[in-house]
Amino acid sequence: MTSEKTILVTGGAGFIGSALIRYIIANTSYRVVNIDKLSYSGNLQSLESVEKSKSYIFEQIDICDSNQLLSVFKNHTPDIVIHLAAESHVDRSIDGPDSFIQTNIVGTFSLIEEAKSYWQSLQGEKKETFRFLHVSTDEVYGDLKSSSDLFSEETPYNPSSPYSASKASSDHLVRAWYRTYGLPILITNCSNNYGPFQFPEKLIPHMILNALKQNELPVYGDGKQIRDWLYVDDHVSALLKVVFKGKIGETYNIGGNNQTQNIEVVQQICKILDELVPINNKELNSYSELITYVKDRPGHDLKYAIDSKKIQENLGWKPHENFDSGIRKTIEWYLDNNRWCENIQNGSYKLERLGVN
Ligand SMILES: NC(=O)c1ccc[n+]([C@@H]2O[C@H](COP(=O)([O-])OP(=O)(O)OC[C@H]3O[C@@H](n4cnc5c(N)ncnc54)[C@H](O)[C@@H]3O)[C@@H](O)[C@H]2O)c1
């Protein structure tokens, strides 16, 4: 690796993008250009540890704006693009799908068009080694009916929510730009992530922060929905394996092999909090007494589970954390990073559950 090589990350102020950038700056000699429009879920405080690095550049840009994208490609001449910018919350997509169509579909279209023109203008090794990695979700596959089924890279798409349908559309666009124009793309479909710096509307931080305030812990339906949880740094290591070692045009599923019911996740959070921050309140013996069941979200998929054999066998990736170790680390991070959590909650987000009306 030479120091002048550049990775363009979209959505780098979000949960996964910021973990990716912190990792690249700490562990490689690549320069990172982060383009992010700073929507409600983008937060530059998640990048404080790298903001002074000479290898880090931030540009506040909307990926739907082709003119600004053109300048970014021209000025920074990236070697690699890792595309994470998206509207990412299923509940918000139910309340208002427009921004999901704009960013996830139209924005991805603008980005691959600019990436294609830029790539076509390159020559020699820079052209041969250019890669565009599109980061997607296992939710494009819909839900699994049988308890033994797993999503493989061959599973047909069957998205249920406006979010997953918009991500599925963007995957199709990216694949078509490979088939039609030869753009050297790779796609990853990953299961639910958790870890530090996750915006508190998502299940795990939502429950941790509500429990600490001794608020109710609202669980959708009967809480038996199964998700395959992956610690965010394991997702980051998988993305780097795919972008450096993956085969052009291929899709790689990424999962943690930690299939857990939502209610079990919430109970485990309560158990660890009981140990780390014992309740000092006569009316409450355990955080688990705060659990309540609320009306399920429409179209709620019952089960996701990923078969990640391909990335494990072909690229030698495997997750480092299991759910027990990852959830404990995550809770400890939220306990130690009060300022980040308070700043987020002082903004527009007040720990409500969305998408249930
Ligand atoms: N979180 C998960 O469990 C998970 C799992 C699999 C895949 N993914 C995918 O990974 C990616 C990142 O997810 P996340 O959880 O970090 O999301 P996030 O919501 O935390 O971050 C998204 C980032 O994109 C930015 N953004 C939104 N619209 C933009 C636009 N038009 N132009 C530029 N920037 C824009 C936001 O400001 C934010 O910083 C998404 O593409 C998501 O679909 C997420």
Side-chain angles (χ1 to χ4, degrees), residues 8-22 33-47 58-66 68-69 72 81-93 98-111 114 133-141 151 159 161-171 174 187-206 227-236 238-239 252-256 258 304 306 308 326 330 344 347-349:
L8 176 65
V9 174
T10 74
F15 165 50
I16 302 169
S18 66
L20 175 68
I21 292 175
R22 291 190 303 273
V33 177
N34 172 17
I35 61 172
D36 195 302
K37 95 169 183 190
L38 298 183
S39 73
Y40 77 95
S41 71
N43 184 355
L44 291 178
Q45 285 174 44
S46 307
L47 290 159
F58 173 63
E59 303 244 22
Q60 186 168 0
I61 283 176
D62 186 329
I63 57 162
C64 299
D65 186 335
S66 304
Q68 289 204 302
L69 289 176
V72 166
V81 177
I82 306 184
H83 173 35
L84 299 106
E87 287 291 335
S88 69
H89 189 45
V90 177
D91 290 350
R92 284 183 192 262
S93 82
D98 294 22
S99 58
F100 287 73
I101 306 306
Q102 277 309 314
T103 287
N104 299 1
I105 306 177
V106 180
T108 298
F109 163 70
S110 307
L111 184 67
E114 293 310 321
L133 170 57
H134 174 63
V135 179
S136 192
T137 166
D138 62 351
E139 300 195 29
V140 297
Y141 299 123
F151 296 131
S161 69
Y163 164 66
S164 53
S166 68
K167 290 297 289 187
S169 307
S170 66
D171 293 9
V174 171
I187 296 180
T188 53
N189 293 93
C190 186
S191 60
N192 277 36
N193 282 217
Y194 68 102
F197 296 100
Q198 187 168 29
F199 193 80
E201 67 189 353
K202 301 285 169 76
L203 180 75
I204 289 177
H206 186 86
R227 300 290 178 263
D228 180 359
W229 293 97
L230 183 71
Y231 191 68
V232 64
D233 291 349
D234 285 325
H235 189 185
V236 164
L239 294 178
Y252 295 89
N253 281 356
I254 305 167
N258 289 302
Y304 305 140
I306 281 270
S308 43
T330 303
I344 287 225
S348 60
Y349 184 65

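Both ligands and their constituent atoms are indexed starting at 1 by order of listing.
- Nearest residue to atom 24 (O) of ligand 1 from Ser88, Gly14, Gly42, Ala86 is Ala86 (criterion: closest heavy atom).
- Side-chain atoms of Asn253 never come within 3.5 Å of backbone atoms of Ile306 as a donor-acceptor pair (strictly under, hydrogens ignored).
- Across all their heavy atoms, Pro196 and Val232 have their closest contact at CD-CG1, 4.3 Å.
- A pairwise comparison of heavy atoms in Val140 and Thr137 identifies CG2-O, 3.3 Å as the closest pair.
- In this structure, atom 40 (C) of ligand 1 lies nearest to the protein heavy atom Leu84 O, 3.2 Å.
- Heavy atoms only, all atoms of each residue included: Thr103 and Glu87 are closest at CG2-N, 3.9 Å.
- Using a 4.0 Å heavy-atom cutoff, Thr10 is absent from the residues neighbouring ligand 1.
- In terms of protein heavy-atom proximity, atom 28 (N) of ligand 1 is closest to Thr103 CG2, 3.5 Å.
- Using cut-offs of 30° and 60° on the angle between ring planes, the pair Phe199 and Tyr40 is perpendicular.
- With hydrogens and angles disregarded, no donor-acceptor distance shorter than 3.5 Å links the side chain of Ser18 to the backbone of Gly12.
- Protein heavy atom nearest atom 7 (C) of ligand 1, with residue, atom name and distance: Ser136 O, 3.1 Å.
- Given atom 32 (N) of ligand 1, the protein heavy atom at minimum distance is Ile63 N, 3.0 Å.
- Interface atoms of ligand 1 facing Cys190, defined by a heavy-atom separation under 4.0 Å, are 5 (C), 6 (C).
- Scanning the protein heavy atoms around atom 20 (O) of ligand 1, the nearest turns out to be Phe15 N, 3.0 Å.
- Proximity to Ala13 (heavy-atom distance under 4.0 Å) selects the following atoms of ligand 1: 39 (O).
- Only the side chain of Tyr163 comes within 4.0 Å of ligand 1, judged by heavy-atom distances.
- At a 4.0 Å heavy-atom cut-off, ligand 1 does not touch Asn43 at all.
- Atoms CZ and OG, from Arg92 and Ser99 in turn, are 9.0 Å apart once rounded to the nearest 0.5 Å.
- Remark: ligand 1 and Asp62 share an N or O pair separated by less than 3.5 Å (distance only, no angle test).
- Side-chain N or O atoms of Asn193 include one that pairs as donor or acceptor with a backbone N or O of Ser191 at under 3.5 Å.
- Heavy-atom minimum distance, Leu38 versus Ala13: CD2-CB, 3.6 Å.
- A distance of 14.5 Å separates CG in Asn258 from CZ in Arg227, rounded to the nearest 0.5 Å.
- Among protein heavy atoms, atom 34 (N) of ligand 1 sits closest to Lys37 N, 3.0 Å.
- Considering backbone and side-chain N/O of Asp36, one or more are found under 3.5 Å from N/O of ligand 1.
- Atoms of ligand 1 found under 4.0 Å from any heavy atom of Ser39, numbered from 1 in the order shown, are 27 (C), 36 (C), 37 (O).
- Short contacts between ligand 1 and Asn192, defined as distances under 4.0 Å to a heavy atom of the residue, involve ligand atoms 3 (O).
- Although no hydrogens or angles enter the test, the distance criterion places a donor-acceptor pair under 3.5 Å between the side chain of His206 and the main chain of Pro200.
- In terms of modelled atom types and a separation under 3.5 Å, the side chain of Ser164 and the main chain of Pro159 share no donor-acceptor contact.
- Close contacts between ligand 1 and Leu38 involve ligand atoms 37 (O) [criterion: under 4.0 Å to a heavy atom].
- Classified by interplanar angle (parallel below 30°, tilted 30° to 60°, perpendicular above 60°), the ring pair Phe151/Tyr304 is tilted.
- By heavy-atom distance, the residue among Thr137, Ile204, Leu203, Asn193 lying nearest atom 2 (C) of ligand 1 is Asn193.
- When hydrogens are left out, the protein atom nearest atom 5 (C) of ligand 1 is Ser191 O, 3.3 Å; that is the closest non-hydrogen contact.
- At a heavy-atom distance under 4.0 Å, only side-chain atoms of Lys167, from C-beta outward, approach ligand 1.
- Residue contacts with ligand 1 for Asn189 are absent, since no atom lies close enough (heavy atoms, distance under 4.0 Å).
- Of the protein's non-hydrogen atoms, Ile16 CD1, 3.7 Å is the one closest to atom 13 (O) of ligand 1.
- Atom OG of Ser88 is separated from atom NZ of Lys202 by 3.0 Å, given to the nearest 0.5 angstrom.
- The contact set between ligand 1 and Val135, taken as ligand atoms under 4.0 Å from a residue heavy atom, comprises 10 (O), 41 (O).
- Every atom of ligand 1 is numbered from 1 in the order shown, and the set under 4.0 Å from a heavy atom of Ile61 is 32 (N), 33 (C).
- Between the side chain of Asn192 and the backbone N or O of Asp228 there is no donor-acceptor pair closer than 3.5 Å.
- When heavy-atom distances to ligand 1 are checked against a 4.0 Å cut-off, Ser99 has no atom that comes that close, whether in backbone or side chain.
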